[in-house]
Amino acid sequence: MKIERRYDLDWLRIIAFTVLIFFHGAIFFIPGGLPIIQNAETSPTLDAFVALSSQFRLALLFFISGVGIGFARRVRNPGEFIRERSLRLLIPLTVGLAVIVPPMVYIEKLHIGEVSGDFLSFYRGFFSSGVYPQGNLSWHHLWFIAYLYLYCLLGLKAFDRLSALPPQARIIAWGNDARVYAFILPLLAAELPLRLFFPGFPDLIHDWANFFHWFLILLAGFHVAHRPGILDNAERLRVRSLILAVLSAAMLFTLFYRNGRIYLSPEEPYVVPLYIALCVIRMTLVWTCILSCLGFASRYLRKPGRLLGYLNESVYPLFILHLTVMTAISYYVVDWDANLWLKYFAVTALTVVTILFLYHFAIRPFNIPRVMFGMRPRG
């Protein structure tokens with residue numbers, strides 16, 4: 001089956017990863033972030049950037065992943081699809097847990113004085129010392145890969161049903177004109193009953209609100225892969241979506257932004273209507289941000305190119321590498337006697353240069369590292 005390549009979605013994936021670099025770089029310059037290395041001086045501006053981007057950046061990544069799953073399922077039967085996803089997700093996850101995450105945790109614990117010996121001594125107890133942050137065992141940013149693999153397994157039946165929907169089905173109509181905003185309703189149906197009890201940390205135990213929220217977003221991306229007209233509709237509605245996203249963000253920050261966090265205290269008067277308002281505003285912000293990104297990307301980023309091909313192939317291994325490299329760089333940079341912004345841009349720039357160097361010279365040319373980092377082997 002011939003499938004038209006959507007270069008705008010490739011560019012959007014690269015842009016989302018670029019935002020992730022700046023997001024994780026900001027973590028070292030705000031209070032209470034993970035990884036737990038922190039600069040002595042913190043920035044309210046970076047705090048606000050983290051709070052805002054946290055509302056939609058992961059949803060955008062899961063949406064784009066859902067589109068990729070949709071394209072993959074169109075050319076593979078379920079068995080072939082699961083085999084391909086196992087190779088591209090489970091192998092990097094295993095390599096990451098064994099090789100990428102332990103140095104990151106070691107550097108963090110070294111910085112705060114919880115370990116003092118060499119790395120090999122630390123590594124011997126990495127898997128048996130308890131769960132991070134009290135212990136050492138963690139998947140850090142690789143939780144995204146684990147969630148994505150579970151979604152591929154759990155969504156097999158849903159994928160088949162979505163791809164088989166006739167054109168007159170109601171869910172198809174939601175992709176036409178302003179009815180595309182109706183997807184906020186199923187997002188709310190998951191958010192309202194779950195967010196109150198599972199505020200969210202990606203550990204598959206205390207994270208059911210996020211788990212179902214991102215799963216719905218991924219299914220929406222899968223649906224778009226089979227109904228590309230929705231992308232054209234998002235392009236037509238891009239300005240309206242952007243206005244709605246800006247208004248939602250303004251309401252969210254005006255009503256609920258306190259001390260660097262989007263927060264609602266249980267002690268607030270009128271806490272129930274405020275909680276409902278928070279959920280409605282957040283889900284509106286998430287979906288309109290996704291539609292805005294899709295619309296403007298569809299309008300301005302439809303062209304292929306050699307740079308696009310190179311960057312698009314590199315995103316996955318760069319994602320796996322970036323936080324460990326960034327943590328190692330931050331370990332030294334936070335102690336510089338320098339301006340906070342100089343240190344922030346030093347952390348992000350040095351991280352980008354280092355991971356691109358490692359990718360280009362140590363991963364991209366060789367088949368074994370390519371498979372270890374989720375890439376297809378050459379030839």
Side-chain angles (χ1 to χ4, degrees), residues 23 26-27 30-34 36 47-63 65-66 131-134 138-141 143-144 146-148 150-151 153-155 158 171 174 180-221 241 244-291:
F23 173 89
I27 295 295
I30 66 172
L34 293 174
I36 49 183
D47 228 348
F49 164 68
V50 167
L52 176 61
S53 59
S54 294
Q55 304 307 310
F56 67 89
R57 62 182 181 83
L58 287 168
L60 178 60
L61 285 171
F62 278 115
F63 182 90
S65 299
V131 177
Y132 180 95
Q134 288 74 27
S138 173
W139 51 21
H140 269 52
H141 61 301
W143 67 265
F144 181 86
Y147 274 48
L148 193 55
L150 284 175
Y151 291 157
L153 297 178
L154 296 173
I171 191 171
W174 287 4
V180 72
Y181 299 113
F183 188 67
I184 294 169
L185 297 177
L187 293 179
L188 270 175
E191 185 77 4
L192 280 168
L194 291 174
R195 183 65 61 184
L196 184 65
F197 303 102
F198 303 100
F201 186 80
D203 59 1
L204 284 176
I205 299 173
H206 309 96
D207 195 36
W208 294 109
N210 282 335
F211 188 88
F212 286 105
H213 170 72
W214 292 326
F215 187 44
L216 288 172
I217 293 288
L218 181 133
L219 291 177
S241 298
L244 289 171
V246 170
L247 290 175
S248 300
M251 292 176 65
L252 191 69
F253 272 69
T254 300
L255 296 174
F256 301 106
Y257 183 70
R258 296 165 192 152
N259 301 317
R261 297 290 180 271
I262 303 298
Y263 179 70
L264 175 62
S265 170
E267 310 302 323
E268 293 264 8
Y270 310 109
V271 67
V272 173
L274 281 174
Y275 172 72
I276 295 172
L278 175 60
C279 292
V280 171
I281 293 168
R282 283 192 67 246
M283 295 305 98
T284 303
L285 176 61
V286 167
W287 188 234
T288 54
C289 280
I290 290 175
L291 292 177

Is any side-chain heavy atom of [X] closer than 4.5 Å to a side-chain heavy atom of [Y]?
X      : Y      : result
Ile217 : Val286 : yes
Leu185 : Met283 : no
Pro31  : Asp47  : yes
Leu204 : Leu150 : yes
Leu274 : Phe256 : yes

Any chance the side chains of Ser241 and Tyr181 put a donor and an acceptor closer than 3.5 Å?
yes
Taking atom types as modelled and ignoring hydrogens, do the side chains of Asp207 and Tyr147 form a donor-acceptor contact shorter than 3.5 angstrom?
yes
Output, in order, the C-alpha distance, side-chain angles, deciding distance and verdict of side-chain contact (heavy atoms from CB on, under 4.5 Å) for Phe23 and Val50.
CA-CA 6 Å; Phe23 173 89; Val50 167; 3.4 Å; yes
Gap separating the [atom1] atom of [X] from the [atom2] atom of [Y], nearest 0.5 angstrom:
X      : Y      : atom1 : atom2 : value
Leu252 : Leu247 : CG    : CG    : 12.5 Å
Phe56  : Leu58  : CZ    : CG    : 10.5 Å
Ile281 : Met251 : CD1   : CE    : 4.0 Å
Leu244 : Ile184 : CG    : CD1   : 7.5 Å
Asp203 : Tyr132 : CG    : OH    : 13.5 Å
Ile36  : Ile27  : CD1   : CD1   : 13.0 Å

Exercise: identify the closest heavy-atom pair between [X] and [Y]:
X      : Y      : answer
Leu264 : Arg258 : CA-NH1, 4.2 Å
Ala190 : Leu216 : CB-CD1, 3.9 Å
Val271 : Ser265 : CG2-O, 3.7 Å
Tyr275 : Leu196 : OH-N, 3.0 Å
Phe215 : Gly155 : CZ-CA, 3.9 Å
Phe183 : Ala220 : CZ-CB, 3.6 Å

When the ring centroid of Phe144 is compared with that of Phe62, is the distance short of 6.0 Å?
yes
Decide yes or no on side-chain contact (heavy atoms from CB on, under 4.5 Å) for Phe211 and Leu194, but give the supporting numbers first.
CA-CA 10 Å; Phe211 188 88; Leu194 291 174; over 6 Å; no
Short question: side chain of Trp214, backbone of Leu148 - any donor-acceptor pair under 3.5 Å?
no
